[in-house]
Amino acid sequence: ISAEIGFTGKTYNEAVAYLKSVGVNNSVASGVMTQSEWQRRKNSGATSADVANYKSYTEYLKDFVKYAVEEYGA
């Protein structure tokens, strides 16, 4: 699968819908954090990669979608 994906969304719902549309399993698609969950973790100083490695929720979302499509896409 190409490293480039067609996802341009910025919300949890857009990410889940996109992942489902490209054949990613529902349990994987719904594993993406919501913006409020991500922000809460970011604000608390969480050191996990899914929070610490990103400056914004949008950046996290795009990377999660890219990973999920590459690993689990149809």
Side-chain angles (χ1 to χ4, degrees):
I1 294 176
S2 165
E4 277 303 307
I5 56 167
F7 177 69
T8 57
K10 293 180 176 20
T11 69
Y12 171 86
N13 289 339
E14 288 171 326
V16 172
Y18 178 82
L19 290 170
K20 287 180 184 177
S21 78
V22 296
V24 172
N25 174 309
N26 189 40
S27 65
V28 173
S30 62
V32 66
M33 281 187 271
T34 63
Q35 184 163 5
S36 61
E37 182 182 359
W38 185 87
Q39 195 63 60
R40 190 168 48 250
R41 290 183 183 189
K42 186 77 168 172
N43 292 346
S44 73
T47 57
S48 59
D50 54 357
V51 175
N53 290 356
Y54 305 102
K55 291 183 172 124
S56 70
Y57 179 70
T58 303
E59 204 176 276
Y60 155 76
L61 210 55
K62 286 181 180 174
D63 211 38
F64 183 96
V65 168
K66 180 177 183 278
Y67 164 78
V69 168
E70 288 174 351
E71 293 295 315
Y72 304 101

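For the numbers below, each heavy atom of this structure counts, side chains included, while hydrogens, waters and symmetry mates do not.
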**Q** Please confirm whether the backbone N or O of G6 pairs with a side-chain atom of Y18, one donor and one acceptor, at under 3.5 Å?
**A** yes
**Q** Could you walk me through whether T11 and Q35 pass the side chain to side chain contact (heavy atoms under 4.5 Å, CB included) test, one step at a time?
**A** CA-CA 7 Å; T11 69; Q35 184 163 5; 5.9 Å; no
**Q** Specify the closest pair of heavy atoms between A52 and A46, including all atoms of both residues, with the distance to one decimal.
**A** CB-O, 4.0 Å
**Q** Show the nearest heavy-atom pair for residues V16 and S30, with the distance to one decimal.
**A** CG2-CA, 4.3 Å
**Q** Please find the pair of heavy atoms, one from K20 and one from A29, that lie closest to each other, and give the distance.
**A** CG-CB, 4.4 Å
**Q** For the pair F7 and K66, evaluate side chain to side chain contact (heavy atoms under 4.5 Å, CB included) and give the outcome as yes or no after the intermediate values.
**A** CA-CA 8 Å; F7 177 69; K66 180 177 183 278; over 6 Å; no
**Q** Using atom types as modelled and distance alone, determine if a side-chain donor or acceptor of K42 lies under 3.5 Å from a backbone N or O of Y54.
**A** yes
**Q** Would you please name every residue forming a side-chain hydrogen bond (donor to acceptor under 3.5 Å, both in side chains) with K10, sequence neighbours left out?
**A** none
**Q** CG of N53 to CD of E59: how many Å apart, nearest 0.5 Å?
**A** 9.0 Å
**Q** Applying side chain to side chain contact (heavy atoms under 4.5 Å, CB included), run through V32 and Y12 and close with a yes or a no.
**A** CA-CA 7 Å; V32 66; Y12 171 86; 3.3 Å; yes
**Q** May I ask you to decide if M33's main-chain N or O and Y57's side chain share a donor-acceptor pair within less than 3.5 Å?
**A** yes
**Q** Tell me yes or no: between the side chains of S48 and D50, is some donor less than 3.5 Å from an acceptor?
**A** yes
**Q** Can you tell if the side chain of E71 reaches within under 4.5 Å of the side chain of V28, non-hydrogen atoms only?
**A** no
**Q** Between L19 and Y72, does a side chain to side chain contact (heavy atoms under 4.5 Å, CB included) hold up when you go through it step by step?
**A** CA-CA 9 Å; L19 290 170; Y72 304 101; over 6 Å; no
